Amino acid sequence: MLRTKRFTPYLFVAPMWALLLFVFGYPIVQIFNFSTRRIRGATGPFIGLENYRQIFTDDIFILSVKHNAMLLLAVPILIVIALVIAVFLYERVTGWRFYRFLFFVPYVIAIPVIGHVFSNLLSLNGAVNELLRSIGLGVLALDWLGSEKVALWTLMGVIIWREAGFGIVLFLARLLSLNEELLDAGKIDGANWLQRLWYIIVPELMGVIEFYAVICVITMAAWVFGFVFVMTHGGPANATQVMELYIWKYAFRIQLPGIASAVAVILFLITLAAMVPLFYLRYKDEGTEASA
Amino acid sequence: MTNPKNRSVSRRDFMKLTAAGVAAAGVGSVLAACGAQPAPTEAPAATQAATAAPTEAPKAGETLKCWWWGEQEAPGVENWINETVAMFKEETGHTIETTLQDTGVVISEFQTASAANSAPDIQFVWNGVYQMEAAWLGYFEPLDGLIDAKMLEDASPTCMNQYEGKTYSTAWYSCGIACAYNKEMFDKAGLDPEKAPETFEELMDTCDKLKSLDVIPMSAGMKDTFWSEWYHGHALSPNLDTPADALKLYAGEGLDWRDPRYYDVWTKLGEIWNAGNINDDMLSIDLYPAIDLFGTGKAAMTWLVVPLLNAQKEMLGGEIMGVFPYPMSGQGKLNNWPVLDTNGWGISAQSEKKDIAVEFLKFMQRPERITAVWDSSKALPTTKSWPGGEVIKDPWWLDVWEKYIHGPTAQYVPDMMPGLFWSDANLVNAQKTITGELSPEECGENAYQVVQKWREQSPDMLEKYALWAESMEKVWNEKYV
């Protein structure tokens, strides 16, 4: 048997650790550092938690957190839509390959392109409303992006339209590796389509669903900047303001990177809080499987 | 015996090869970076020499970086840039490497690059605080002493690029704001096509008459936010006595947004919107498509900037476009003054080739180059000595130049607005006025609160703003009072 000294393996992984610390660790430490300073240019004086006090007393920040929280409502919608469509495709409906392609296309289109196209389609006198008016449904022709009441929901709809594609492909890939005997057994036992979905498919897909849910939570909390920036700029009147845009505003528009960093720290901690339970569950599951 | 060529690559081999490749690349980069650093004793000396002796003949064949913006606003200036750079190279042997910046990064990119000690030698600048914030951080070199005082005065038509007696940029082209109207539509609506409205009441009456033609009286788009700034530039000046009053308002030094005279900006916006005089999709379309509603004959009037006049005039297809200052009927001494703004050029304090950068700035100010700005883009130069009266042959343009550039003009006050005021007061108030969520009084209160927030967040800026207001008032009084 090959004998190695106790620390030898650590020496081998040390370069990778050093690289990871430099690429990820250093910026994170710097963001924490910046969040306690009034940065002008490259540095600034230490001001303790003043930046945090500023943001927690700012109504617009509170509003942006609320909007990110509202966008989380899209997560269960995304999971349900992706799951149902994936199951339909799995059942080989006619033309399922074409539909699979069609559903995945939005996911590969760049967000600025999607944002620009939908901005034009959804303006008050855009194509969508013109169509509604032409078929006598003018009452439904809302100011999708220009009204404070509906702009966030419109944004959410566009995000769902794009992000569902990833879930569909993810779930379908898992479904295709499913042991079909399980579903056949369910059929023989008299389980209907919904029962098979609920009692067989969902439990079998639970690992992938958990993963997709976490990805969606992270997307809604920290990955919607592109949509918001292109489609609404956070408006009208902050109706679609989100934390990422708030960070951008303070970093580049207001030129107070200290406050932007404080919000980035909060966003980082929120994202971490979403990821840790998943890793814990995974760890627990793996432990249970190993002991079984 | 196994042929080494046929031997398969194991995972361990692959990892080894990858590690070796990454290490080689890393070592190479580190060595290159070390080699690129100037010796610590050399850099200050070089900078000192460059600063101390700007008139010495520069070494031939140097390369300078220049970041610029403008093609988006004044189509055609890119040709001017390329031509100027080529001519400069031919005359001096120096290369100017140009990079056209995106609108979204003009403010931040130079500051970020300066913080990382990698700023370009020459930087395009928007006027006022956009340059001043960087100048206060020491990122821009004052041009006094580097450029002849007479030339500097000639190339500084507004006083927003000056602080404590120092000038930080030379002008390029005018980007003042104006309103445009369609004379044919005026005629059809029974209005005098040669007389634009001069008071707010006349403007409202004009809009009423234009509605009978089934056209949009005035077009505007605020989804991408910029219109709110333009409107603020149109609407605040008429209620100010000097441009320095705007600084006092933005910094909360002596003037108060809760005074009806100042929140009149949003009072009048509410009135014109509530009367149905602006397109109903104003909050869901962007600035430029809204302006094009005017050029395509769907709107009778619009707000725009001087460099866009030519494009709109051509879209309308002739001389049927008239130009006028937005009639606010304000209470200030600046009421009805046309608003002038200018973009310009500054030199990075980090540049080690300031002497060449200065030469390039001077080169751009040559009369022939100034005229070429006009020829290439129909953007009007703002250099005071430029003989526009002789160069411009078209009476329509001559009238615009005389009114908006050559005569007395007010400053474009949003150039003095802190970023926080821009986003949380100027934009939010305008949008909430349109949605009906805020009354004019509430807009004034919100603006006041935003100023207080800015004072808390930026205590280091208060003194700078106060000094800036003081020096601006002095320059203004010397010029006009």
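Each chain gets a letter, A, B and so on, in the order its sequence line appears, and its residues count up from 1. Note: hydrogens, waters and symmetry copies are ignored here, and every other heavy atom, side chains too, is used. What you see is a predicted model, and the numbers here were worked out from it, not measured in a lab.
One finds the OG atom of Ser458(B) at 7.5 Å from the CZ atom of Arg38(A) (value rounded to the nearest 0.5 Å). Taking CD1 of Ile254(A) as the start and CH2 of Trp422(B) as the end, the distance is 10.5 Å to the nearest 0.5 Å. In this structure, CD on Gln255(A) lies 11.0 Å from OH on Tyr130(B), to the nearest 0.5 angstrom. Here the straight-line distance linking atom CG of Asp59(A) with atom CG of Asn446(B) works out to 9.5 Å at 0.5 Å rounding. Distance CG/Asp143(A) to OG/Ser284(B): 4.0 Å, rounded to 0.5 Å. If you take CD1 on Ile259(A) and CG on Leu420(B), they are separated by 8.0 Å, rounding to the nearest 0.5 Å.
Ser119(A) and Lys223(B) make their closest contact through OG-NZ, 3.4 Å (heavy atoms, listed as atom of the first residue, atom of the second, distance). Annotation for Gly41(A) and Tyr139(B): closest pair CA-OH, 3.2 Å, computed over non-hydrogen atoms. Of all the heavy atoms in Leu283(B) and Pro236(A), the pair that sits closest is CD1-CB, 4.3 Å. Thr225(B) and His233(A) get closest at one heavy-atom pair: CG2-CB, 3.7 Å.
When each of Asp286(B), Asp280(B), Asn117(B) is checked for heavy-atom pairs under 4.5 Å with chain A, Asp280(B) comes out on top. In terms of non-hydrogen atom pairs under 4.5 Å with chain B, the most contact-rich of Asn120(A), Asp58(A), Val230(A), Asn51(A) is Asp58(A). Here Asn125(A) is the residue among Ile60(A), Asn125(A), Leu145(A) with the most heavy-atom pairs under 4.5 Å with chain B.
Looking at heavy atoms from C-beta onward, Arg253(A) lies in side-chain contact with Ile107(B) at the 4.5 angstrom threshold.
Remark: Trp223(A) CH2 is loosely packed, at most 12 non-hydrogen atoms of other residues, nucleotides or ligands lying under 6.0 Å away. The environment of Glu463(B) atom CD is sparse: at most 12 non-hydrogen atoms of other residues, nucleotides or ligands sit within 6.0 angstrom. Around CG of Asp214(B), the count of heavy atoms belonging to other residues, nucleotides or ligands within 6.0 Å does not exceed 12.
For Tyr250(A), the part sitting under 4.5 Å from any heavy atom of chain B is the side chain, from C-beta outward, and nothing else. For chain A, the nearby part of Gln111(B) is the side chain; its heavy atoms alone come within less than 4.5 Å. Neither the backbone nor the side chain of Ile47(A) comes within contact range of chain B; no heavy atom of the residue lies under 4.5 Å from a heavy atom of that chain. Only the backbone of Met231(A) comes within contact range of chain B, with at least one heavy atom under 4.5 Å from a heavy atom of that chain.
Partners of Asp460(B) according to the salt bridge (Lys or Arg N to Asp or Glu O under 4.0 Å) rule, which considers only residues two or more places apart in sequence or in another chain, are Arg40(A).
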(message) I'd like to know whether Gln54(A) forms a side-chain hydrogen bond (donor to acceptor under 3.5 Å, both in side chains) with Glu456(B), so could you lay out the CA-CA distance, the side-chain angles of the two residues, the decisive distance to 0.1 Å, and finally the verdict.
(response) CA-CA 8 Å; Gln54(A) 285 292 337; Glu456(B) 266 188 43; 3.0 Å; yes
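Proximity to chain A at a heavy-atom threshold of 4.5 Å picks out Ser423(B), Asp424(B), Val428(B), Gln431(B), Lys432(B), Thr435(B), Glu437(B) from residues 423-439 of chain B, in numerical order.
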